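It should be emphasised that the depicted structure is a prediction, and the values quoted were computed from it without experimental measurement. We name chains A, B, ... by the order of the sequence lines, and we start the count at 1 in each one.
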Amino acid sequence: MTEPVDGDRGFGGLKLVPRTDAKQTMKDFKSDQEVRWCPGCGDYAILAAFQSFLPELGVPRENIVIVSGIGCSSRFPYYLDTYGFHSIHGRAPAIATGLASSRPDLSVWVITGDGDGLSIGGNHLIHALRRNVNINILLFNNRIYGLTKGQYSPTSEQGMITKSTPMGSLDNPFNPISLALGAEATFVARTIDSDRKHLQSVLRAAADHEGASFIEIYQNCPIFNDDAFEPLKDASVRDDHILRLEHGEPIKFGADGGKGLKPTPYGTPEVVDVATAGEDGLLVHDAHVDDPAYAFALSRLDGPGFPHTPIGVFRSVERPTYDAQMSAQVDEARERQGEGELGALLASGDTWQVG
Amino acid sequence: MTKQVQQLDRVIIRFAGDSGDGMQLTGDRFTQETASFGNDLSTLPNFPAEIRAPAGTLPGVSSFQLHFADHDIMTPGDAPNVLVAMNPAALKANLGDLPRGADLIANTDEFTKRNLSKVGYETNPLEDDSLSEFRVHAVPLTSLTVKALEDFEISKKDAERAKNMFALGLLSWLYNRPTEGTLRFLESKFAKKPEILKSNVAAFQAGWNYGETTEAFSVSYEIKPAVLPPGTYRNITGNLALSYGLIAGSRLSGRPLFLGSYPITPASDILHELSRHKKFGVRTFQAEDEIAGVGAALGAAFGGSLGVTTTSGPGMALKAETIGLGVSVELPLIVVDVQRAGPSTGMPTKTEQADLLQAMFGRNGESPVPVIAPRSPSDCFDAAIEAVRIATKYRTPVVLLSDGYLANGSEPWRLPEVSELPDITVADAAEPNGEDGAFLPFKRDPETLARPWAVPGTAGLEHRIGGIEKSDVDGNISYSPSNHDRMVRLRQAKIDGIANDIEPLEVDDPHDDTKVLVLGWGGTYGSIGAAVRRIRRAGGKVAQAHLRHLNPFPANLGEVLGRYDKVLVPEINLGQLALLLRGRFLVDVIGYNRVRGLPFKAEELAGVIQDVIDSD
């Protein structure tokens, strides 16, 4: 995890956001609107985790803004008693960029899905990440189009039978973590809807990050893609699949921590038995490695069937944020040239007098 | 040798050459000299979209036309009195516009066999008698320039490149232009390249001296300063005036300017200009695409900024969904469309007025937006302020329809007194507007029908907005049939009501019992005005009116239309305003439509008006 910049509060991404000492509870962040997702939808769990996490930030409700696109997950802002903007398909990162770059005093959260964020809005997502705008992007990945009733998405596995692919999907899916790392995102993490504790730990780390943070949340769609993440949820097998990334800790997994990762000179780390390889030979996770190749290699461990699925913070590095630099240019211009004076602007260049 | 000086009341000069010959710069410098001398003027740059088309070819020809006079003028002129042709291609591309008796200054050095054959000349037109109806001045501009610079330590290529300064010097002598401005300009442009500076200054002076000392030119001309209203003037292009108008709108409304934009011809200059004015608190965001540009602007507007996006026709098409979102969430947004010839990529550097219906209707659903069009380059300043006023007061996207002709054309502009500019401050919502401290984000101002602009950071006003239909007053999601009908009508009524908050349409009609009205909009104002003057000078009667507000129309438009037997509507499209007028007022307006990528000529329009007057 990144070191807290503002030690008093502990959230590096909120340095310019006002704080409140008033006691807040989850209830303060619930809006009066009835939640209308399907019964059993993973979005409920994410919403509850988010609502109960927000008081931790110590930010007044009015300084929190949730911006979303279109899709099931994008209904999220209606259920939070903060400022919210349910926008249009795929464009939330762009709208949030304008808001965050003009209002550094706001904590801006983008809610998107695999269709919204990776298909129609893929371009905005990668550009927001490369610019490092101080926003937090939560991508709910259920590997299906839900709101349009069950077409394959850009994260659906190849061969998936859906309404629009009766003979199986031909598309090679995106790995959202690899994509975000390819865009050189400064903060990249993955978590799971049903693991509230882990989800909130990732949210906390994202809020602590100054710049764009990208969180992929594996989210179950009980109607169109039920149990898509079952290997990661079934208590009897999940420990064989999930690799919990903890900064500074050796990467171990398996029911008794018997498996681990060993670095290889090139590419993806190798899965080894800890007993054979020894603790000292294990890969120790370092989220602060500047070269995104390391985190990218970890991201490639995942695949269809979830052979080895890392969750947690893949990468968290420091880079100046877009909005802070934009403000700095405005400040510098004012410092060097003085505050703009309209009359002088209009009369700049060659002028002449008549009469 | 003292030469004769002849008085003229107006001149139209066209500089034409290869894209790499520096014709735009030459024209611009001549314009600045002319402006500071005090003539009234109007300019028409005309250049290819290609940055450097193959040298010496017709597609590579770039030109700059300047009309200047000792009286007030309205257009860059129909046909040049003087053509400066830097090569055979420039001659061939522009000869058709040259009236009998015009002066032609040709750079003979470039009239080589190879260059002549590139554009299909079998013989050299300067040497056969094909140009006998013109006054041809054959000047070896390139070799004279190279000779003048032989003592400088610069390459032959650099010496040849200074030929445009030689031409500028010659023309400056010919029309007795002041030269201090150009010398100052060169000093600043080449401050870091002293040898290039000296050679350009020398080329400029050599051109001047050539005019004064050789017998090639026996007469020079003087055009007295125009009598213009007192004040401080500068020359200004439409894109620059529009940029200043946006900055002024930001200042006058008390809203920081946020521009989200993607580069596109001919609108990019506004992005460039605004990015230079950060000391005014201007934030410019060059987005990944047109959609992100307008999206970021709308996001900034949600945060209380003056959100602006700038584009041209193809970009407008991409922004449509976000503008619709702006209509639905009722936030202020300025959408500048500098129209160019379409459809699709069309002709990026050529002008057109064919985005009016796109601005009006190019979105799904009932999605009304105010549409405002400036009439001249300097009017872009006032039109931009008006767009900001309406957008912020009514919480709506506003489309500002400039065009390529206004954007790049220039004219003298009398600077307004800043203290006389309108106060268009709009307050943020500060406190709850419902019972028991509730905030109702769609509770409207009864007069304007605008909803509160409640920006994040304001305690007690937390609310959610979105593109889904909202319940009247409380703004919650609603699929109620009657509510949707009400909201559609409320949004329409809000825009329609702006008609009561704009200036009535003024009609210029000095006569009684005038039968014909010419009604235009946008960049055709100058051409129509010049045509109307011609008709009146010849004793004809015609009324002129020009629409700045295309949506809503001024409240008195129907009454104005009813006053005249015939209404002529010239447009650089196939009749888009005409369609709106017919649909709205059931008036059988007469269209005159040409889409050539160029402004109308005054003579052409005068003929059309006369035909309408003469027809029964």
* Is NZ or CZ of B:Arg464 both nearer than 6.0 Å to the six-membered ring centre of A:Tyr78 and within 45° of the ring axis? -> no
* Under 4.0 Å between a Lys/Arg side-chain N and an Asp/Glu carboxylate O for A:Glu339 and B:Lys279? -> no
* With a 4.5 angstrom heavy-atom cut-off, could you sort out which part of A:Ala96 is near chain B: side chain, backbone, both or neither? => neither
* Asked: Which atoms of B:Thr322 come close to chain A, meaning under 4.5 Å heavy atom to heavy atom: side chain ones, backbone ones, both, or neither?
  -> both
* **Toward chain A, the part of B:Ile236 with a non-hydrogen atom under 4.5 Å** => neither
* When rounded to the nearest 0.5 angstrom, what distance separates CZ in A:Arg103 from CG in A:Asn134? -> 14.0 Å
* **Charged N-O contact under 4.0 Å between A:Arg91 and A:Asp116** => no
* For chain B, find which of A:Val108, A:Asp331, A:Asn123 contributes the most heavy-atom pairs closer than 4.5 angstrom. => A:Asn123
* **chain A contact via B:Gln32 - which portion, at a heavy-atom distance below 4.5 Å** => side chain
* Asked: If you tally heavy-atom pairs under 4.5 Å against chain A, which of B:Asn476, B:Val329, B:Leu298 wins?
  -> B:Asn476
* Under the salt bridge (charged side-chain N to carboxylate O under 4.0 Å, His left out) rule, what do A:Glu210 and A:Lys15 come out as? Steps first, then yes or no, please. => CA-CA 8 Å; A:Glu210 214 180 340; A:Lys15 276 199 290 191; 3.2 Å; yes
* Asked: Does B:Arg29 make a cation-pi contact with B:Phe185 (under 6.0 Å, within 45 degrees of the axis)?
  -> yes
* Asked: Where on B:Ala35 is there a heavy atom nearer than 4.5 Å to chain A: the side chain, the backbone, both, or neither?
  -> both
* More than 12 non-hydrogen atoms from neighbouring residues, nucleotides or ligands closer than 6.0 Å to CG on B:Asn364, yes or no? -> no
* Just wondering, are more than 12 heavy atoms of other shown residues or ligands nearer than 6.0 Å to CD in B:Glu431? -> no
* Asked: Given that the side chain runs from C-beta out, which part of A:Ile88 has a heavy atom under 4.5 Å from chain B: side chain, backbone, both or neither?
  -> both
* Asked: Taking it one step at a time, do A:Leu138 and A:Leu203 satisfy side chain to side chain contact (heavy atoms under 4.5 Å, CB included)?
  -> CA-CA 9 Å; A:Leu138 276 51; A:Leu203 291 175; 3.9 Å; yes
* Largest heavy-atom contact set with chain A, pairs under 4.5 Å, which of B:Leu240, B:Asn235, B:Thr232 -> B:Thr232
* Structure fact -> Distance col, row A:Leu57:CG vs A:Thr20:OG1, nearest 0.5 angstrom, shows 12.0 Å
* Asked: Measuring heavy-atom distances to chain A, does B:Ala297 have an atom under 4.5 Å in its side chain, in its backbone, in both, or in neither?
  -> neither
* Asked: Is chain A contacted by the side chain of B:Leu331, its backbone, both, or neither, given a heavy-atom distance below 4.5 Å?
  -> side chain
* Closest-packed option against chain A by number of heavy-atom pairs under 4.5 Å, given B:Gly303, B:Gly457, B:Gly324 -> B:Gly457
* **Structural part of B:Pro225 lying under 4.5 Å from a heavy atom of chain A** => neither
* Asked: For A:Arg75, is it the side chain, the backbone, both, or neither that has a heavy atom closer than 4.5 Å to a heavy atom of chain B?
  -> side chain
* B:Pro456 versus chain A, the contacting section by heavy-atom distance below 4.5 Å -> both
* Carboxylate-amine/guanidinium contact B:Arg395 B:Glu330, below 4.0 Å -> no
* Asked: A:Ser74 and A:His86: side-chain hydrogen bond (donor to acceptor under 3.5 Å, both in side chains), yes or no, with the steps?
  -> CA-CA 7 Å; A:Ser74 288; A:His86 178 217; 5.3 Å; no
* Under 4.5 Å heavy-atom distance to chain B, tell me which part of A:Ile66 shows up: side chain, backbone, both or neither. => neither
* Structure fact -> So, the part of A:Glu335 with a heavy atom under 4.5 Å from chain B: the answer is neither
* With a cut-off of under 6.0 Å to the ring centre and 45° to the axis, is B:Arg177 in cation-pi contact with B:Phe37? -> yes
* Asked: Quick one: are the ring centres of A:Trp109 and A:Phe76 less than 6.0 Å apart?
  -> no
* Is it the backbone or the side chain of B:Val227 that comes under 4.5 Å from a heavy atom of chain A, or both, or neither? -> neither
* Would you please go through residues 246-255 of chain B and name the residues with a non-hydrogen atom below 4.5 Å from one of chain A, in numerical order? => B:Ile247, B:Ala248, B:Arg251
* Structure fact -> Honestly, the part of A:Gln329 sitting under 4.5 Å from a heavy atom of chain B is both
* **Top of A:His127, A:Gln337, A:His124 for chain B proximity - count of heavy-atom pairs under 4.5 angstrom** => A:His124
* Proximal component of A:Ser68, with respect to chain B [non-hydrogen, under 4.5 Å] -> neither
* Asked: Which of the residues B:Ile465, B:Val418, B:Ile291 is involved in the greatest number of heavy-atom pairs with chain A at under 4.5 angstrom?
  -> B:Ile465
* To do: Pick whichever of A:Gly90, A:Pro77, A:Ser31 has the most heavy-atom pairs under 4.5 Å with chain B.
  => A:Pro77
* Asked: Heavy-atom count around B:Phe280 CZ within 6.0 Å, excluding the residue itself: above 12?
  -> yes
* To do: Give, for atom CZ of B:Arg283 and atom OG of A:Ser327, the distance between the pair rounded to the nearest 0.5 Å.
  => 3.5 Å
* Verdict with reasoning, A:Trp37 to A:Tyr79, per ring pair (Phe, Tyr, Trp, His ring centres under 6.0 Å) -> CA-CA 11 Å; A:Trp37 287 307; A:Tyr79 309 134; 5.1 Å; yes
* **Donor-acceptor pair, side chain of A:Tyr83 and main chain of B:Thr458, under 3.5 angstrom** => yes
* Structure fact -> Looking only at A:Gly340, A:Ala100, A:Ser102, A:Gly355, the option with the highest number of non-hydrogen pairs under 4.5 Å against chain B is A:Gly340
* Asked: So with a 6.0 Å cut-off around CZ of A:Phe174, is the heavy-atom count from everything else above 12?
  -> no
* A:Asn136 side chain to A:Ser213 main-chain N or O, any donor-acceptor pair under 3.5 Å? -> no
* Part of A:Val65 within contact of chain B (heavy atom distance under 4.5 Å) -> side chain
* To do: For the pair B:Arg234 and A:Asp350, find out whether any cationic side-chain nitrogen is under 4.0 Å from an anionic carboxylate oxygen.
  => no
* Please state whether the side chain, the backbone, both or neither of B:Leu325 comes within less than 4.5 Å of a heavy atom of chain A. => side chain
* Given a strict heavy-atom distance threshold of 4.5 Å, which part of A:Arg336 is in contact with chain B: side chain, backbone, both, or neither? -> neither
* Asked: Measuring heavy-atom distances to chain A, does B:Phe258 have an atom under 4.5 Å in its side chain, in its backbone, in both, or in neither?
  -> side chain
* Structure fact -> Comparing B:Leu228, B:Val282, B:Leu421, B:Leu461 against chain A, the one with the most heavy-atom pairs below 4.5 Å turns out to be B:Leu461
* **Part of A:Asp105 lying under 4.5 Å from any heavy atom of chain B** => neither
* Asked: Got a salt bridge between B:Glu180 and B:Arg184, using NZ or NE/NH1/NH2 to carboxylate O under 4.0 Å?
  -> no
* Asked: Any idea which of A:Ser348, A:Ser87, A:Pro93, A:Gly338 has the most non-hydrogen atom pairs under 4.5 angstrom with chain B?
  -> A:Ser348
* Structure fact -> Of B:Pro412, B:Ser36, B:Ala454, the largest count of non-hydrogen pairs under 4.5 angstrom with chain A goes to B:Ser36
* **Pick from A:Leu80, A:Ile64, A:Ile70, A:Asp32 with the largest number of heavy-atom pairs that fall under 4.5 Å of chain B** => A:Leu80
